[in-house]
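The structure appears below as structure tokens.
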Amino acid sequence: MRPRSIIWFERLIFVTLILGMFSTILNWDSIVARTALTESRPVAFVLIVQTLTFAMIIGLTLLTSRRRSRIAMWVSIVLTALGLPVSILMLVHNQFVGSVIIPAIQMLTQFVAFGLLFTPNARAWMRRKGNMPNLQDTFS
């Protein structure tokens with residue numbers, strides 16, 4: 001059975017995705033207008049980038065929280081850490097399209113979620129090799 005910290009990690013990451021979708025919907029016109037400066041098909045580009053990003057986050061989260069993948073855990077942490085300086089600069093210079101509140105909440109939620117992966121019970125669960133869930137249990 002998964003520890004509460006792992007369950008909450010998964011939930012919090014999915015909350016950040018929902019916040020991201022909400023932010024994208026609220027700021028769609030501005031995002032597309034900004035993307036139009038560099039791309040000939042801004043709507044398609046934004047949709048592709050959003051879809052691939054969300055799919056990658058969902059995949060890494062499920063691999064971490066359901067399959068105990070330490071590789072997926074560290075890839076998620078490294079990707080978040082790499083994006084952190086850019087996000088902070090955008091917050092400081094108010095360059096986020098629309099409200100800065102949603103991205104700030106997303107960042108804080110991600111930190112809490114990743115912090116939960118380092119609780120003693122989560123670390124012990126991640127190290128355990130036996131009783132790995134099968135693929136059918138992963139999505140139920």
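- The closest side-chain heavy-atom distance from V43 to T35 is not below 4.5 Å.
- Rounding to the nearest 0.5 Å places OG of S87 at 11.0 Å from CG of L82.
- Distance CG/L84 to CG/L79: 12.5 Å, rounded to 0.5 Å.
- Under the 4.5 Å side-chain heavy-atom criterion for Ile, Leu, Val, Met, Phe, Trp and Tyr, M73 and I13 are members of the same hydrophobic cluster.
- The salt bridge (charged side-chain N to carboxylate O under 4.0 Å, His left out) contacts involving residues 9-19 comprise R2-E10, E10-R66, where partners must be two or more places apart or lie in separate chains.
- Both F9 and L17 belong to a common hydrophobic cluster when Ile, Leu, Val, Met, Phe, Trp and Tyr are linked at side-chain heavy-atom distances under 4.5 angstrom.
- Tracing side-chain contacts under 4.5 Å through hydrophobic residues (I, L, V, M, F, W, Y), one never reaches I6 starting from V75; they form parts of separate clusters.
- The minimum heavy-atom distance between G20 and F54, with the atom names listed, is C-CZ, 4.1 Å.
- Side-chain contact between I58 and F14 is present, with at least one heavy-atom pair separated by less than 4.5 Å.
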Under 3.5 Å donor-acceptor pairs involving side-chain atoms of residues 102-121, not counting sequence neighbours:
residue	atom	partner	partner atom	Å
Q106	NE2	T16	O	2.9
T109	OG1	I105	O	2.7
T119	OG1	S5	OG	3.1
T119	OG1	L116	O	3.0
T119	OG1	N121	OD1	2.8
T119	OG1	A122	N	3.4
N121	OD1	S5	OG	3.0

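- Judged by distance alone, with hydrogens and angles left aside, the side-chain atoms of S76 form a donor-acceptor pair with the main-chain N or O of A72 at under 3.5 Å.
- Linking ILVMFWY side-chain heavy atoms closer than 4.5 Å, directly or via other members, places V49 and L60 in two distinct hydrophobic clusters.
- Looking only at side-chain heavy atoms (C-beta outward), L62 and R67 stay at 4.5 Å or farther from each other.
- Within the 4.5 Å cutoff, the side chain of W74 has no heavy atoms near those of the T64 side chain.
- Sparse packing is recorded around CD1 of I71, with 12 or fewer heavy atoms of other residues, nucleotides or ligands lying under 6.0 Å away.
- Judged by distance alone, the side chain of R68 and the main-chain N or O of R128 form a donor-acceptor pair under 3.5 Å.
- To the nearest 0.5 angstrom, L19 atom CG is 11.5 Å from I101 atom CD1.
- V15 and F22 fall within the same hydrophobic cluster, defined by Ile, Leu, Val, Met, Phe, Trp and Tyr side-chain heavy atoms under 4.5 Å apart, directly or through other members.
- The distance from the CG atom of L47 to the CZ atom of R41 is 13.0 Å, given to the nearest 0.5 Å.
- Residues in residues 78-92 take part in no salt bridge (charged side-chain N to carboxylate O under 4.0 Å, His left out) pair, two or more places apart or across chains.
- Taken from CD1 in I31 to CH2 in W28, the straight-line distance is 7.0 Å, to the nearest 0.5 Å.
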